Amino acid sequence: QVQLVESGGGLVQPGGSLRLSCAASTSISTFVHMAWFRQTPGNQRELAAAIPSSGTPIYADSVKGRFTMSRDDAKNTVYLQMNSLKPEDTAVYYCRMIRPGGDTYWGQGTQVTVSS
């Protein structure tokens, strides 16, 4: 029922910045858990950032201080601002939604490559 459309990935140099967007087909409220995951070949998806229903953002230690997650309820969109990018940030980034009751939805993923 719910579709998540991601955009904003690309190729950047180390130290550069990107902003990822995730547009939802349904309204977003503070009662909806939103998160960004990332995955490299041969590895499981790992949490990068999340805004749970409590409204308090959390970040993986590897991105803390460099990435900022935010949301715009009027646009039904969440963002991941990525600054000071490192080669180890290279991955496919996925948007995830968990609605009240536990229904889970994933975006298609967007490639981020950090290389000189």
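Residue numbers run from 1 in the order of the sequence given. Every heavy atom of this structure was used, including side-chain atoms; hydrogens, water molecules and symmetry mates were not. Model, not experiment: these values are computed from the prediction.
- Looking at every heavy atom in both residues, Ser116 comes nearest to Pro14 through N-CD, 3.7 Å.
- With Ser25 contributing its side chain and Gln3 its backbone, the two residues share a donor-acceptor pair below 3.5 Å.
- Under a hydrophobic-cluster definition in which Ile, Leu, Val, Met, Phe, Trp and Tyr are linked whenever side-chain heavy atoms come within less than 4.5 Å, directly or via other members, Val2 and Met34 are assigned to the same cluster.
- Contact detail for Val92 and Gln111: the closest heavy-atom pair is CG2-OE1, 3.3 Å.
- Side chains of Arg38 and Tyr93: a donor on one and an acceptor on the other come within 3.5 Å.
- Put simply, the side chain of Tyr59 gets close to the backbone of Met69: a donor and an acceptor are under 3.5 Å apart.
- A heavy-atom distance below 4.5 Å is found between the side chains of Val32 and Met97.
- How far OG1 of Thr104 is from CZ of Arg99: 11.0 Å, rounded to the nearest 0.5 Å.
- Minimum heavy-atom separation, Ala50 to His33: CB-CE1, 4.1 Å.
- Between Tyr105 and Cys95 the shortest side-chain heavy-atom distance does not fall below 4.5 Å.
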Item to check | Derivation of the ring-ring contact (aromatic ring centres under 6.0 Å, His included) call for Trp106 and Phe37 | outcome: CA-CA 10 Å; Trp106 291 89; Phe37 285 72; 5.2 Å; yes
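- Between Lys86 and Asp89, no side-chain nitrogen of the basic residue sits less than 4.0 Å from a carboxylate oxygen of the acidic one, so the salt-bridge criterion is not met.
- Between the side chain of Arg19 and the main chain of Gly9, no donor-acceptor pair closer than 3.5 Å is present.
- Partner of Met82 under the side chain to side chain contact (heavy atoms under 4.5 Å, CB included) criterion, out of Leu20, Val12, Val63, Thr68: Leu20 alone.
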Next on the checklist: Assess the residue pair Asp72 and Thr77 against the criterion (side-chain hydrogen bond (donor to acceptor under 3.5 Å, both in side chains)); give the C-alpha distance rounded to whole Å, side-chain angles, the decisive distance to 0.1 Å, and a yes or no.
Outcome noted: CA-CA 5 Å; Asp72 187 335; Thr77 302; over 6 Å; no
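- When only modelled atom types and interatomic distance are considered, Ser27 and Asn76 share no side-chain donor-acceptor pair under 3.5 Å.
- Side chains of Glu46 and Gln44 form no contact here, defined as non-hydrogen atoms less than 4.5 Å apart.
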Item to check | Steps toward side-chain contact (heavy atoms from CB on, under 4.5 Å) verdict (Cys22, Trp36) | outcome: CA-CA 9 Å; Cys22 173; Trp36 287 97; 3.7 Å; yes
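- Summarising the local packing, CD of Glu88 is surrounded by more than 12 heavy atoms from other residues, nucleotides or ligands at distances under 6.0 Å.
- Ser17 and Asn83 get closest at one heavy-atom pair: OG-OD1, 2.9 Å.
- Atom CG of Leu80 is separated from atom CZ of Phe67 by 6.0 Å, given to the nearest 0.5 angstrom.
- Note: Thr56 OG1 to Ile51 CD1 = 9.5 Å, rounded to the nearest 0.5 Å.
- Here Gln81 contributes atom CD and Leu18 contributes atom CG; the two are 8.5 Å apart, rounded to the nearest 0.5 Å.
- Atom OG of residue Ser21 and atom NZ of residue Lys75 lie 9.0 Å apart, to the nearest 0.5 angstrom.
- Crowding of Gln108 atom CD: a count of heavy atoms from other residues, nucleotides or ligands under 6.0 Å exceeding 12.
- The cationic atom of Arg45 (NZ for Lys, CZ for Arg) lies less than 6.0 Å from the six-membered ring centre of Tyr94 and within 45° of the ring axis.
- Interatomic distance, CD1 of Ile28 versus CG of Leu4, reported as 7.5 Å (0.5 Å rounding).
- Inter-residue side-chain proximity for Pro87 and Ser115 is flagged as unmet; no heavy-atom pair is nearer than 4.5 Å.
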